[in-house]
Amino acid sequence: MDFLNEYRKKLITAEEAAKIVKSGDWIDYSQCCSFPTDLDKALAARKDELTDVKVRNAISALPIAVVEEDPDQTAFTYNLWHCSGLDRTYLDKGMAYHEPMLFRHCGSYYEQGIAPVDVAMLTVSPMDRHGNFSFGLTNCCQQEMLDAARKIIVIPNKHMPVISGLANDHIHVSDVDYIVESDTPLPTMPNRNPGDIDIKIAEHIFPYLRDGMTLQLGIGGMPNALGSLIAQSDLKDLGMHTELMSDGYLELYKAGKITNKKKTLHRGKGVFSICMGSEELYDFLHQNESILSAPMSYVNNPTVMAELDNFISINSCISMDLYGQICSESSGTRQISGTGGQLDFVTGAYSAAHGKAFLAMPSMYVEKKGIRHSNIFPHFTRGDIITTPRTQAPYMVTEYGIARLVGLPTWERAEKIIGLAHPDFREELIQAAEKQQIWRKSNKR
Ligand SMILES: CC(=O)SCCNC(=O)CCNC(=O)[C@H](O)C(C)(C)COP(=O)(O)OP(=O)(O)OC[C@H]1O[C@@H](n2cnc3c(N)ncnc32)[C@H](O)[C@@H]1OP(=O)(O)O
Ligand SMILES: CCCC(=O)O
């Protein structure tokens with residue numbers, strides 16, 4: 001079969017590809033590192049010809065041309081499954097909208113027609129001799145999104161690593177409508193070094209960690225910082241089963257901590273669904289036989305996690321209240337992030353034999369003007385979004401300690417939660433708990 005001939009027939013320029021878009025269309029940029037940089041620019045250049053074009057993406061790491069070139073949104077509306085720091089700047093200015101989702105269900109939104117796709121645009125690895133383009137760093141909900149798409153434009157890019165998957169890891173040239181070549185570097189996501197609070201949080205979590213555990217580390221500075229600290233510890237023979245592959249894991253691999261030898265599912269293989277991090281991480285993944293990508297509907301499925309003995313999930317959150325409700329994605333009505341896979345992993349780790357989920361945050365936040373406030377509120381009233389409900393509140397961690405909340409009565413939760421608060425705010429939280437009638441007279445003050 002002459003795949004190269006088929007490839008050449010479908011090859012067009014970014015400008016020609018952008019012309020396929022019509023007013024009213026939904027355009028899907030896939031997610032994270034599959035971002036179609038050159039097509040985004042070519043599409044933005046058509047802003048005076050188009051109206052009501054909806055673009056969908058997640059975790060933007062590079063400036064988005066359809067947003068930056070059309071700040072009044074005359075042609076384009078930008079929608080986000082999940083938000084990065086850059087996305088927050090767009091959301092803050094009313095230049096983007098969040099599309100709330102639960103990651104294990106995200107593919108089903110496409111399958112059920114809830115998330116329509118007129119044109120899919122995604123970066124893939126260069127075509128192999130069999131006519132396949134690897135999805136590379138984004139397995140995620142790629143297949144469901146492509147199955148829903150009326151037209152598919154792939155962007156082969158030499159920077160996209162080739163990664164084998166459990167399923168849904170590539171698209172064949174016969175299934176694509178158009179091809180636009182690019183060698184623009186992929187988006188990267190910087191890591192931060194552990195700070196004092198991360199180190200204290202790690203000290204509280206470490207006694208619960210065991211050799212041979214399978215580890216999920218979430219998005220954000222703290223889980224990555226914990227990865228570095230685990231890399232420096234004596235722990236050994238760890239396994240990886242994670243939605244997000246990040247530089248925290250690269251450190252663990254480089255330190256020889258991850259062998260996947262003790263995993264009770266996919267022994268010998270580290271499993272992830274999306275990857276964002278450094279170019280070094282992307283190189284590490286290229287044709288790496290010890291790592292598998294898998295669809296989000298699989299990786300984030302709690303029944304899959306339940307098969308992983310000693311499954312440990314570590315994610316971060318923003319605030320909580322005295323009832324044990326956890327907000328990990330907003331500050332009041334300000335959208336900061338997304339639900340992502342947090343609830344999936346809290347649910348899955350609870351079901352696994354010896355599984356545990358940890359949600360960590362600093363006890364207090366200092367606003368830009370220097371005003372300090374507790375990240376533990378008496379109750380949520382300001383529009384904060386509940387990411388993990390109180391019925392599933394797992395091990396909660398701040399620099400002041402750790403507390404398991406699931407199943408506890410309100411008075412006992414309030415006492416334990418106040419123990420996690422910054423000492424400067426404890427008395428006012430006790431008074432609030434008394435008013436809310438969730439404080440037993442004999443509770444520890
Ligand atoms: C494998 C998986 O990933 S599965 C599950 C993982 N997914 C999740 O847990 C989803 C929800 N969690 C998250 O998105 C992240 O962990 C977060 C947002 C909680 C923390 O991420 P980080 O990148 O470490 O957050 P960071 O400390 O940089 O703060 C992010 C923003 O929130 C703001 N912020 C953080 N805490 C607060 C707070 N308590 N009050 C007000 N604003 C706050 C920061 O100022 C910053 O805003 P800016 O970019 O405008 O300066
Ligand atoms: C990219 C990480 C998404 C999540 O929060 O689950």
Side-chain angles (χ1 to χ4, degrees), residues 31-33 57-61 80-93 98 100-104 106 137-141 187 189-192 194-195 197-198 201 215-227 240-246 248-249 271-277 296 299-300 305 312-320 326-349 357-369 371-377 382-388 394 398 422:
Q31 301 196 26
C32 307
C33 289
N57 191 19
I59 317 202
S60 323
L80 290 154
W81 287 129
H82 204 297
C83 314
S84 63
L86 173 63
D87 292 326
R88 285 194 281 282
T89 65
Y90 296 146
L91 291 160
D92 287 346
K93 293 181 204 147
H98 179 52
M101 62 91 161
L102 195 62
F103 241 142
R104 73 176 185 273
C106 193
L137 300 167
T138 311
N139 187 309
C140 198
C141 321
M189 191 161 77
N191 212 359
R192 77 161 161 79
I197 291 183
D198 300 311
I201 285 174
L215 190 62
Q216 177 266 325
L217 295 173
I219 190 168
M222 194 279 306
N224 265 310
L226 270 177
M240 176 175 92
H241 180 96
T242 186
E243 171 193 303
L244 176 69
M245 169 83 182
S246 59
Y249 284 103
V271 174
F272 79 96
S273 193
I274 37 177
C275 171
M276 277 197 108
M296 201 66 88
V299 174
N300 283 32
M305 293 173 221
I312 301 294
S313 159
I314 306 177
N315 292 304
S316 42
C317 59
I318 290 173
S319 56
M320 70 183 301
I326 298 139
C327 164
S328 309
E329 59 192 275
S330 79
S331 165
T333 55
R334 181 183 185 226
Q335 189 74 41
I336 286 178
S337 172
T339 298
Q342 182 169 113
L343 190 54
D344 301 336
F345 281 95
V346 166
T347 307
F358 300 88
L359 291 179
M361 65 177 186
S363 66
M364 156 179 108
Y365 180 71
V366 185
E367 288 172 16
K368 287 186 181 116
K369 289 175 223 145
I371 300 165
R372 302 177 332 149
H373 70 73
S374 172
N375 283 335
I376 296 176
F377 294 102
R382 315 172 306 156
D384 306 81
I385 306 298
I386 307 304
T387 310
T388 298
T398 70
H422 191 286

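Note that the structure is predicted; figures quoted are calculated from it, not measured. Both counts, for ligands and for their atoms, begin at 1 and track the order of listing.
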[atom] touched by protein heavy atom at under 4.0 Å:
| atom | result |
| --- | --- |
| atom 27 (O) of ligand 1 | no |
| atom 48 (P) of ligand 1 | yes |
| atom 32 (O) of ligand 1 | yes |

Any atoms of ligand 2 less than 4.0 Å from a non-hydrogen atom of Gly340? List them with their elements.
4 (C), 5 (O), 6 (O)

With a cut-off of 4.0 Å, which atoms of ligand 2 are near a heavy atom of Phe103?
3 (C), 6 (O)

[atom] [closest protein heavy-atom partner, distance rounded to 0.1 Å]:
| atom | value |
| --- | --- |
| atom 41 (C) of ligand 1 | Ser331 OG, 3.2 Å |
| atom 2 (C) of ligand 1 | Gln216 NE2, 3.3 Å |
| atom 5 (O) of ligand 2 | His82 NE2, 2.6 Å |
| atom 24 (O) of ligand 1 | Gly221 N, 2.8 Å |
| atom 1 (C) of ligand 2 | Ile59 CD1, 3.3 Å |

Do any nitrogen or oxygen atoms of [X] lie less than 3.5 angstrom from nitrogen or oxygen atoms of ligand 1?
| X | result |
| --- | --- |
| His82 | no |
| Leu217 | no |
| Thr242 | no |
| Arg192 | no |

Check each heavy atom of [X] against ligand 1 and say whether those closer than 4.0 Å belong to the side chain, the backbone, both or neither.
| X | result |
| --- | --- |
| Lys368 | side chain |
| Ile219 | both |
| Thr339 | backbone |
| Ile318 | both |
| Leu244 | both |
| Asp344 | neither |

So, taking the atom named CD1 in Ile318 and the one named CD in Glu329, what distance separates them when rounded to the nearest 0.5 Å?
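The CD atom of Glu329 is 8.0 Å from CD1 of Ile318, to the nearest 0.5 Å.
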
Under 4.0 Å between heavy atoms, the region of Glu243 that gets near ligand 2 turns out to be side chain

Output the list of atoms in ligand 1 that are nearer than 4.0 Å to some heavy atom of Ser328, sorted by atom number.
11 (C), 12 (N), 13 (C), 19 (C)

Of the listed options ([options]), which comes nearest to [atom] when hydrogens are ignored and any heavy atom counts?
| atom | options | answer |
| --- | --- | --- |
| atom 44 (C) of ligand 1 | Phe103, Tyr365, Phe345 | Tyr365 |
| atom 14 (O) of ligand 1 | Ser337, Ser316, Gly220 | Ser337 |
| atom 30 (C) of ligand 1 | Arg334, Glu243, Arg88 | Arg88 |

Could you check whether Thr89 and Asp92, counting side-chain N and O atoms only, form a donor-acceptor pair closer than 3.5 Å?
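Asp92 vs Thr89: no donor-acceptor pair found between side chains.
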
Quick one: do the Ser328 and Gln342 side chains pair a donor with an acceptor below 3.5 Å?
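Indeed, the side chains of Ser328 and Gln342 share at least one donor-acceptor pair under 3.5 Å.
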
Test side-chain contact (heavy atoms from CB on, under 4.5 Å) on Cys83 and His98; report intermediate values, then the result.
CA-CA 8 Å; Cys83 314; His98 179 52; 3.7 Å; yes

Please work out which of the three classes, parallel, tilted or perpendicular, describes the rings of Tyr365 and His373, given edges at 30° and 60°.
tilted

